[in-house]
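Working notes, beginning with the structure itself.
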Amino acid sequence: MPNFGKNEEKLRLPRHIAIIMDGNGRWAKRRFLPRSAGHRAGAKTFQDIAHYANQIGVKYMTVYAFSTENWKRPKEEIDNLMNLMRDYLKDAKNFKEENIQVQFIGDLSVLPEDMQELIREDEELSASATGMHLNIAVNYGGRDEIVRAVRRLAAKVEAGELQPADIDEQAVSRELYTAGQPDPDLIIRPSGEYRLSNYLIWQAAYAEFWFSDILWPDFKPKHLMQAIEAYNGRSRRFGGV
Ligand code: IPE
Ligand code: IPE
Ligand code: MG
């Protein structure tokens with residue numbers, strides 16, 4: 001059982017927590033540092049938070065690392081972000097010790113070939129882990145994901161494997177990157193922005209949201225716990241009474 005401290009024993013853990021890791025640039029700016037320093041600090045926070053979430057028993061976590069819209073950034077910043085991801089991927093031995101199962105979600109086909117190879121290796125290496133399932137969203141866009149699902153369904157109809165009338169919500173969910181996983185119960189966005197930025201837009205249908213002004217590099221396990229506490233105070237009705 002996760003140990004939440006003496007007053008918090010009855011906390012319900014969200015089964016799936018999704019995080020929009022935002023605010024690296026502003027964190028760096030406040031320190032008169034280049035944006036790359038913010039991304040480096042953010043990458044460290046990501047590792048700490050994933051480690052902590054796994055320790056307290058979170059079963060699924062999805063983090064937003066790079067969106068389909070982030071290609072609008074200067075090339076130098078994109079290269080810097082890809083290099084940070086490479087470093088993380090090369091460190092994959094750590095996932096094995098931590099027993100975290102890693103999966104990358106998003107259109108990975110446009111990533112540099114060496115990164116795709118590292119991703120495949122890391123997914124394979126961690127495939128038998130029994131701890132937390134960690135989705136890392138890279139070149140991920142919720143609309144892109146839905147379009148891809150629609151294409152796959154259309155192809156099945158064309159092949160005569162599926163009738164249009166059989167396309168229901170489950171059928172769509174099954175074609176998403178997160179097929180077979182529970183929808184996020186709790187979505188966390190730090191950095192003072194109040195939007196989804198194309199994140200998990202299908203899966204977020206009944207998620208609870210927790211927003212905070214903390215910039216991602218300053219995000220600590222205690223903030224995750226605050227979000228989980230807030231989640232515990234929510235009444236999830238799913239349209240019922
Ligand atoms: C999040 O931090 C990292 C990515 C989007 C890749 P930002 O780089 O968006 O930081 P801000 O929003 O400019 O502070
Ligand atoms: C969302 O943050 C994407 C990631 C955290 C990877 P952005 O910084 O790209 O979102 P906007 O542009 O503020 O909506
Ligand atoms: Mg941002």
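No hydrogens, no waters, no symmetry mates; every other heavy atom, side chains included, goes into these values. For ligands, and for the atoms within them, numbers begin at 1 and follow the listed sequence. For this chain, numbers begin at 1 and follow the sequence in order.
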Which ligand 2 atoms, with their elements, are less than 4.0 angstrom from a heavy-atom of Phe66?
6 (C)
With no hydrogens and no angle check, is any side-chain donor or acceptor of Gln116 less than 3.5 Å from a backbone partner on Leu111?
yes
Distance-only, no hydrogens or angles: does the Gln103 side chain make a donor-acceptor pair with backbone N or O of His133 under 3.5 Å?
no
Residue selection (non-hydrogen contact nearest atom 2 (O) of ligand 2) among Met21, Arg189, Lys72:
Arg189
In this structure, atom 10 (O) of ligand 1 is nearest to the protein heavy atom Gly25 N, 2.9 Å
May I ask you to identify, for Arg26, whether its side chain, its backbone, both or neither come under 4.0 Å of ligand 2 on a heavy-atom basis?
neither
Measure up the Tyr199 and Tyr140 rings against each other and bin them: parallel (under 30°), tilted (30 to 60°), perpendicular (over 60°).
perpendicular
Note: ligand 1 atoms sitting under 4.0 Å from heavy atoms of Ala65 are 6 (C)
Mind checking whether Arg73 has an N or O less than 3.5 Å away from an N or O of ligand 2?
yes
Does the residue Gly23 have a heavy-atom contact with ligand 1, meaning some pair of atoms that are separated by less than 4.0 Å?
yes
Atoms in ligand 2 flagged as close to Arg195, the criterion being non-hydrogen separation under 4.0 Å:
11 (P), 13 (O), 14 (O)
Just to confirm my output: which protein heavy-atom neighbour is closest to atom 14 (O) of ligand 2, and how far is it?
Ser197 OG, 2.6 Å
Counting each atom of ligand 1 from 1 as listed, which ones have a heavy atom of His39 under 4.0 Å away?
3 (C), 8 (O)
Ligand 1 contacted by Arg35 (non-hydrogen, < 4.0 Å)
yes
Please step through salt bridge (Lys or Arg N to Asp or Glu O under 4.0 Å) for the pair Arg120 and Glu117, ending with a clear verdict.
CA-CA 5 Å; Arg120 278 192 290 272; Glu117 184 57 35; 2.9 Å; yes
If the cut-off is 2.8 Å, does any N/O/S atom of Asp22 fall short of it from the Mg ion (ligand 3)?
yes
Closest to atom 8 (O) of ligand 2 (heavy atoms only, candidates Asp22, Ile19, Asn70) is Asp22
So does Ser191 get a backbone contact from the side chain of Arg26, meaning a donor-acceptor N/O pair under 3.5 Å?
yes
Cut-off 3.5 Å, side chains only: do Gln181 and Gln203 have a donor facing an acceptor?
no
Students often mix this up, so state it plainly: with edges at 30° and 60°, are the rings of His223 and Phe219 parallel, tilted or perpendicular?
tilted
Can any side-chain N or O of His39 pair as donor or acceptor with the backbone N or O of Leu81 at less than 3.5 Å?
no
Backbone N or O of Asn70 within a donor-acceptor pair of the Glu77 side chain at under 3.5 Å?
no
